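This is a predicted model, so every value here is computed, not measured.
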Amino acid sequence: MTAIAMFPGQSSRYPEMIEKLASVPPAARLVVRASELLGRDLRAQHFATNRDVQVGVFLANHLHLSLLEAEGVTFAWSLGLSLGEYNHLVHIGALSFDDALRFVELRGELYDHAVGGRMVSIFPLEAVEIEAVIERLGLGAEVGIGLYNSPRQNVISGAASAVERVLAVLENDHYFDATVIEPRIPMHAPCFSRTARTLAAALEDLSVSAPGRAYLPNTLGELFVDATPSLIRGCLADHVDHPVRWKTSVDVIAAHVPDPHFVEVGPRAVLHNLFGKDWMPGRRAKTDAVEDWRSRLETLAKELRDAA
């Protein structure tokens, strides 16, 4: 099997995710280095702001990758959901860890000062059913599907009033679970375009290299084996107010890589849990996010080495 690293986004956060790894080499050294780069102790993250959430999840993802690599695990392929795309870009060599960390902090600060809105996860409805309601209400400029996560799990994002109108209409015809995953910031929504323009200007100063591995941007859901810095900057800017096409991204890499083994490299099992019976039956998806993390990492590392 071919191991593929999946880096999650900020919904994977939990309060102790940095602290629990901060005393374990080589993760401990990375926490110290990251704290020095940003001028504050990242072990004391409280996630009161979007800045702290984005920095925390980006760092936690990288710490889990470093622990797997210390066990001899390497990934020839990777992809990342939303914020996780920055971990993906570090992994494929397009961004340095230091530059990505600083930029993620800036990204989080911009989000903290952005226009308000809401993000709601909807399950189990197909995207076409949700899109039909948005179109019928004429709300395409205010709300849209921000994340196409799996065949029947999608996230709508936009102005709070528009989100509520869509949910109200959907409830008349469907049974589904709706979970608010972000109460204040409408990421990946059309109404987030001003923040996208601000981030695009900041991206001009970000040092981006041609990656040594394939790039799989969420906004396009395509594999690029010869991605340019210009393409990468454009995709990161679009990321802000364009949908995340996670399902398409996973399907594309699964079709390209024979017998793929998806491994969630991050603090929880959010991406792992998206895989269900109606999506890629027979595929394996594993995660290192378990309570006894050291035991799971070592076991997972052995499984991956044996399968390589």
Original post:
H188 and H239: ring pair (Phe, Tyr, Trp, His ring centres under 6.0 Å), yes or no, with the steps?
Top reply: CA-CA 6 Å; H188 312 296; H239 218 208; 5.4 Å; yes

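A pairwise comparison of heavy atoms in G117 and P186 identifies N-CD, 3.6 Å as the closest pair. For A28 against A22, the heavy-atom pair with the smallest separation is CB-O, 3.1 Å. Closest approach of P267 and S12 over heavy atoms only: CG-O, 3.5 Å. When all heavy atoms of A162 and E142 are compared, the closest pair comes out as CB-CB, 3.8 Å. When all heavy atoms of A100 and L95 are compared, the closest pair comes out as CB-CD1, 4.0 Å.
Counting heavy atoms from C-beta outward, S157 and L147 have side chains that stay 4.5 Å or more apart. With contacts defined as side-chain heavy-atom distances shorter than 4.5 Å, the pair P260/W77 does not qualify. Counting heavy atoms from C-beta on, the side chains of Y14 and K20 come closer than 4.5 Å. Counting heavy atoms from C-beta outward, M6 and W246 have side chains that approach closer than 4.5 Å.
For residues 111-133, the pairs satisfying salt bridge (charged side-chain N to carboxylate O under 4.0 Å, His left out) are D112-R184, R118-E164, with sequence neighbours left out. Applying the salt bridge (charged side-chain N to carboxylate O under 4.0 Å, His left out) rule to pairs touching residues 146-161 yields R152-D278, sequence neighbours excluded. Residues in residues 72-86 take part in no salt bridge (charged side-chain N to carboxylate O under 4.0 Å, His left out) pair, two or more places apart or across chains. For the ring pair (Phe, Tyr, Trp, His ring centres under 6.0 Å) condition, the pairs that include at least one residue of residues 95-118, sequence neighbours left out, are F58-F97, H62-F97, Y111-F192. Under the salt bridge (charged side-chain N to carboxylate O under 4.0 Å, His left out) criterion, the residue pairs touching residues 26-40 are R33-D98, R40-D52, R40-E105, with sequence neighbours excluded.
A search for side-chain contact (heavy atoms from CB on, under 4.5 Å) contacts involving A5 returns F7, F75, S78, V265, not counting sequence neighbours. Partners of S249 by side-chain contact (heavy atoms from CB on, under 4.5 Å), not counting sequence neighbours, listed by chain and number: L79, L216, N218. Qualifying side chain to side chain donor-acceptor pair (under 3.5 Å) partners for N50, counting only residues two or more places apart in sequence or in other chains: Q54. The side-chain contact (heavy atoms from CB on, under 4.5 Å) search around E222 returns L220, F224, not counting sequence neighbours. With sequence neighbours left out, P15 forms a side-chain contact (heavy atoms from CB on, under 4.5 Å) with no residue at all.
Applying the under-4.5 Å side-chain rule to Ile, Leu, Val, Met, Phe, Trp and Tyr, the cluster around V133 extends to V120, I122, L125, I130, I134, L137, L139, V143, I145, Y148, I156, V163, V166, L167, V169, L170, F176, V180.
Not one N or O on the side chain of H88 forms a donor-acceptor pair closer than 3.5 Å with the backbone of G84. Without hydrogens or angle criteria, S35 side chain to V31 main chain gives a donor-acceptor distance under 3.5 Å.
Note on I181: it clusters hydrophobically with I185, by side-chain heavy-atom contacts below 4.5 Å among ILVMFWY residues. A chain of hydrophobic side-chain contacts below 4.5 Å, direct or via other Ile, Leu, Val, Met, Phe, Trp or Tyr residues, connects V115 to L106.
Checked by atom type, the side-chain pair D99/S96 shows a donor-acceptor distance below 3.5 Å. Inspection of the Q10 and S82 side chains reveals no N or O donor paired with an N or O acceptor under 3.5 Å.
With values rounded to the nearest 0.5 angstrom, L101 atom CG is found 4.0 Å from L38 atom CG.
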Taking only distance into account, with no hydrogens and no angle test, what donor-acceptor pairs under 3.5 Å do side-chain atoms of residues 198-209 form with protein atoms, sequence neighbours excluded?
residue: T198; atom: OG1; partner: R194; partner atom: O; Å: 3.1

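Within 6.0 Å of CD on E69 lie more than 12 heavy atoms contributed by other residues, nucleotides or ligands.
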